[in-house]
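Inspection log for the structure reproduced underneath, given as structure tokens.
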Amino acid sequence: ETGVTQTPRHLVMGMTNKKSLKCEQHLGHNAMYWYKQSAKKPLELMFVYNFKEQTENNSVPSRFSPECPNSSHLFLHLHTLQPEDSALYLCASSFDLTGGHYEQYFGPGTRLTVT
Amino acid sequence: AQKITQTQPGMFVQEKEAVTLDCTYDTSDQSYGLFWYKQPSSGEMIFLIYQGSYDEQNATEGRYSLNFQKARKSANLVISASQLGDSAMYFCAMREGVLMDSSYKLIFGSGTRLLVRP
């Protein structure tokens with residue numbers, strides 16, 4: 001049990017739809033991340049939030065819009081997606097360094113299919 | 001330039017035997033960290049083991065050990081006494097630079113699919 005939950009687990013949407021992915025971490029971490037995992041490609045970092053502030057936007061198209069209302073919740077708002085956006089979207093969180101923990105904890109992912 | 005290279009797209013191992021998964025990295029930073037994650041078919045990434053660039057001893061976590069050869073820039077994962085449940089994708093990842101705050105970027109390799117044969 002990782003303590004990071006993601007909903008929904010599976011999502012099928014048309015290119016004109018608007019949907020949101022939700023991530024919640026129950027670990028008291030300060031930083032949260034969105035990653036994209038496409039078939040046959042390495043995991044790609046999309047966004048990083050530290051204490052609710054966005055610290056990284058890895059050249060992600062504007063049709064992906066993140067939101068981090070607090071250190072425990074992270075959303076990814078989706079609109080006018082393209083079929084090539086179909087992928088597994090993984091959320092992760094990491095701990096305050098003073099605790100001596102270095103790893104990122106991942107959620108189970110949302111499998112997104114854009115039709 | 002690719003920073004993390006995993007040259008084995010797929011590997012087989014017999015149950016109860018040991019297996020080594022290769023990982024080489026490229027960085028000009030003196031301070032960095034190396035991670036291995038396991039991804040079963042369910043999708044979630046499970047942290048296995050961490051090695052800091054200044055750690056003098058190889059990291060070990062149960063049946064997992066990291067063969068860290070700094071001069072060769074390699075960080076191979078060794079799984080001893082393989083179990084059927086070890087069948088999964090395995091990813092090597094690197095964090096570059098000095099840790100300044102809680103957040104950091106991880107760069108992942110392309111992964112190795114391990115299948116454990118009974």
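Residue numbering restarts at 1 for every chain, and letters A, B, ... go by the order of the sequence lines.
Looking at Leu106(B), the atoms closer than 4.5 Å to chain A (heavy atoms on both sides) sit in the backbone and in the side chain alike. With a 4.5 angstrom heavy-atom cutoff, Arg111(A) does not touch chain B via any of its atoms. Looking at Gln37(A), only its side chain comes within 4.5 Å of chain B, counting heavy atoms on both sides.
Using a 4.5 Å cut-off between side-chain heavy atoms of Ile, Leu, Val, Met, Phe, Trp and Tyr, with links allowed through other members, Val13(B) and Leu84(B) fall into the same hydrophobic cluster. No single ILVMFWY cluster, assembled from side-chain heavy atoms under 4.5 Å apart, contains both Tyr49(A) and Tyr33(A). Neither Trp36(B) nor Val78(B) shares a network with the other; the hydrophobic side chains, linked directly or stepwise wherever heavy atoms of I, L, V, M, F, W or Y lie under 4.5 Å apart, form separate groups for each. Tyr35(A) and Met46(A) end up in different hydrophobic clusters when Ile, Leu, Val, Met, Phe, Trp and Tyr side chains are linked at under 4.5 Å.
Sparse packing is recorded around CZ of Arg113(B), with 12 or fewer heavy atoms of other residues, nucleotides or ligands lying under 6.0 Å away. Counting non-hydrogen atoms of other residues, nucleotides and ligands closer than 6.0 Å to NZ of Lys73(B) gives a total above 12. Around NZ of Lys70(B), the count of heavy atoms belonging to other residues, nucleotides or ligands within 6.0 Å exceeds 12.
Proximity to chain B at a heavy-atom threshold of 4.5 Å picks out Leu88(A), Leu90(A) from residues 81-92 of chain A, in numerical order.
Here Tyr54(B) sits alone; no ILVMFWY side chain lies under 4.5 Å from its own, so it joins no hydrophobic cluster.
Considering only heavy atoms from C-beta on, Phe106(A) stays 4.5 Å or farther from Gln39(B) through its side chain.
Legend: disulfide bond (SG atoms under 2.5 Å apart) pairs involving residues 9-80 of chain B, not counting sequence neighbours, sorted by first then second residue: Cys23(B)-Cys92(B).
In this structure, Ser110(B) and Pro42(A) approach most closely via the heavy-atom pair CA-CG, 4.2 Å. Considering all non-hydrogen atoms of both residues, Phe47(B) and Glu103(A) come closest at CD1-CB, 3.3 Å.
Distance OH/Tyr105(A) to CE/Met45(B): 14.5 Å, rounded to 0.5 Å. Within the model, atoms CG of Leu43(A) and CD1 of Ile107(B) stand 12.0 Å from one another, a figure rounded to the nearest 0.5 Å.
Residues forming a side-chain hydrogen bond (donor to acceptor under 3.5 Å, both in side chains) with Lys105(B) (at least two apart in sequence, or on another chain): Glu56(A).
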